*Asks:* 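After the structure tokens below, expect a handful of questions from me.
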Number of protein chains: 2
Amino acid sequence: MRLVIARCRVDYRGRLTAHLPSATRLILLKADGSVSIHADDRAYKPLNWMSPPCTIEEAPGVWRVCNPAGEQLVIELEEILHDSRHELGTDPGLTKDGVEAHLQELLADNPHALEDGLRLLQREYPTAIGPVDLLCRDAMGRTVAVEVKRVAELDGVEQLSRYLELLNRDPLLAPVRGILAARQFRPQARVLALDRGITCVAVDYEALRGLDDPSSRLF
Amino acid sequence: MRLVIARCRVDYRGRLTAHLPSATRLILLKADGSVSIHADDRAYKPLNWMSPPCTIEEAPGVWRVCNPAGEQLVIELEEILHDSRHELGTDPGLTKDGVEAHLQELLADNPHALEDGLRLLQREYPTAIGPVDLLCRDAMGRTVAVEVKRVAELDGVEQLSRYLELLNRDPLLAPVRGILAARQFRPQARVLALDRGITCVAVDYEALRGLDDPSSRLF
DNA sequence: AGCTGAATGTCGAGG
DNA sequence: CCTCGACGTTCAGCT
């Protein structure tokens, strides 16, 4: 990793055109070949960047970064204030917990948390337009399609609606109703779901993780 | 801006839970108060970060970054290899030249590029659920709603479908058919559009820009 | 390699 | 403040 603090001007020509006038910035060159230009704000987002694979051509005062698609990032260096290199090695990487995949897993193990008497038929039940997260049967023996989201938005309702339309064409499953399960609901999604006869169930992730039997885990 | 290269472990507890085992990384502290942890890969994206507003509590060997929502980023510093500060000043910012809004503009000027005899009635035609990109009339005098996308995906078809349903309730406009115009089509979007009786038209941006009369431009 | 859906998306406009 | 849609989205997972 190379860290350069420099007064510079930057031009990007690619999917769009962008220009940065002269100012002092951080130029971050990573071992993966990426280049990013940071100001002292905008949180972690750089002003401009080039993702790998790309080649860097270093002429005195001008760095030209090109990628195979023909996009170009041209950095004109007016004054270099700092320049250091550091060996970081490969990173062991990030372990995440609490995303949609994990939520789906917990609900597959505890469908009754969505509704009393709900039993899992199949997880990732395949259809022509994609897999249904959870296919279940309720206490009355009726088929239920469950779509799991971290945050339920309009898209999620549309998606579940498409699944329901398709599943209801299958005489072995019909009639099928829908449950949209999420940690958080956008009001518009709630309204549209109601209009479509889809049940919204707010999921408490922490409580659900508590429900999951710890003794059944090996770690 | 403060640049720290250090061997560290990181824990995040917030919207989800994440952990980074011990490794050497860049810790980037910006003047806006943000903190981001970078490995030597993943292009410009940090492994973990905290956006402002947040407070940094520096104890020896442990930095605790907290935001008002109660999210926490805990950095355990095992060895500091580099630590430097730099005055950058405020950045004049980025000037962009968009490609996307342009597409709608070009099609508004050249509706015949979508279909022979197509004429523009109104751009951004307002409806209760949002503006229709282009409202047109075809060679047969029939109303046509055009949705413009850079890349047409499923939600673009859904969006146009909702518009069509609404527009067809207006006796002055009905019957209204739909055209989905895009530079690129996802296969599923094409299938769903066909099923809904929506016409897909692939748009060649470069050619369209060529169509646009250069003499009518001042630059 | 191409396509699809998720994301601590981020970002900006509009109510 | 929240909601919604676009993005040079990026990214991982799967066909």
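Only a predicted model underlies this, so the values are computations on that prediction, with no experimental measurement involved. In what follows, chains are A, B, ... by sequence order, proteins preceding strands, each numbered from 1.
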*Asks:* Look at atom CD of A:E206 and say whether more than 12 heavy atoms of other residues, nucleotides or ligands are closer to it than 6.0 Å.
*Replies:*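 Correct, the count exceeds 12.
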*Asks:* In whole angstrom, give the distance that lies between atom NZ of B:K149 and atom C1' of D:dC7.
*Replies:*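 Nearest whole value for this atom pair: 12 Å.
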*Asks:* Using the closest heavy atom to pick a nucleotide of DNA chain D for each, name whichever of A:L73 or A:R186 lands nearer the 5' end.
*Replies:*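 Closest to the 5' end, via its nearest nucleotide, is A:R186.
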*Asks:* We want to know whether A:H102 and A:Y205 form a side-chain donor-acceptor pair, criterion being a heavy-atom distance below 3.5 angstrom.
*Replies:*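 The criterion, which ignores hydrogens and geometry beyond distance, is satisfied for A:Y205 and A:H102.
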*Asks:* May I have the distance from B:F185 (atom CZ) to C:dT4 (atom C1'), rounded to whole angstrom?
*Replies:*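 Interatomic distance, CZ of B:F185 to C1' of C:dT4: 17 Å.
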*Asks:* B:R183 has an atom CZ; how far is it from atom P of D:dA6, in whole Å?
*Replies:*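 After rounding, the gap between these two atoms is 16 Å.
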*Asks:* Give me the distances for all protein-to-nucleotides 10-15 of chain C N/O pairs that come in under 3.5 Å?
*Replies:*
residue: C:dT10; atom: OP1; partner: B:W49; partner atom: NE1; Å: 3.3

*Asks:* To the nearest 0.5 angstrom, please state how far the CD atom of A:E124 sits from the CG atom of A:L135.
*Replies:*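 Nearest 0.5 Å value for the CD-CG distance: 11.5 Å.
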*Asks:* May I have the distance from A:D97 (atom CG) to C:dA6 (atom P), rounded to whole angstrom?
*Replies:*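 Interatomic distance, CG of A:D97 to P of C:dA6: 18 Å.
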*Asks:* Rounded off to whole Å, could you give me the CG-to-P distance for the A:L154 and C:dA6 pair?
*Replies:*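 In whole Å, C:dA6 P lies 14 Å from A:L154 CG.
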*Asks:* Measure the shortest side-chain to side-chain distance between B:D91 and A:D40 over non-hydrogen atoms and say whether it is less than 4.5 angstrom.
*Replies:*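 Contact flag for B:D91/A:D40 side chains = no.
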*Asks:* Select from A:L47 and A:Q184 the residue whose nearest nucleotide in DNA chain D is closer to the 5' end of that strand.
*Replies:*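 Nearer the 5' end of the strand: A:Q184.
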*Asks:* Which atoms form the tightest heavy-atom contact between A:T143 and A:L173, and what is the distance?
*Replies:*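 Looks like OG1-O, 2.8 Å.
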*Asks:* In this structure, how many angstroms lie between the P atom of D:dC11 and the CG atom of A:D91, rounded?
*Replies:*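 It works out to 14 Å between those atoms.
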*Asks:* Is B:R150 reaching over with its side chain to a backbone N or O of B:L103, donor-acceptor style, under 3.5 angstrom?
*Replies:*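 Flag not set: sc B:R150 to bb B:L103 has no pair under 3.5 Å.
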*Asks:* Nearest whole Å is fine: how far is C:dT4 C1' from A:Y163 OH?
*Replies:*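 Between C1' of C:dT4 and OH of A:Y163: 10 Å.
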*Asks:* Any side-chain N or O of B:R150 under 4.0 Å from OP1/OP2 of D:dT9?
*Replies:*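 Yes, such a contact exists.
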*Asks:* Whole Å only: how far is the OH atom of A:Y12 from the C1' atom of D:dC7?
*Replies:*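 After rounding, the reported distance stands at 12 Å.
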*Asks:* Sequence neighbours left out, what pairs pass salt bridge (charged side-chain N to carboxylate O under 4.0 Å, His left out) with at least one residue falling in residues 158-168 of chain A?
*Replies:*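 Of all non-adjacent pairs touching residues 158-168 of chain A, those that pass salt bridge (charged side-chain N to carboxylate O under 4.0 Å, His left out) are A:E158-A:R196, A:E158-B:R162, A:R162-B:E158, A:E165-A:R169.
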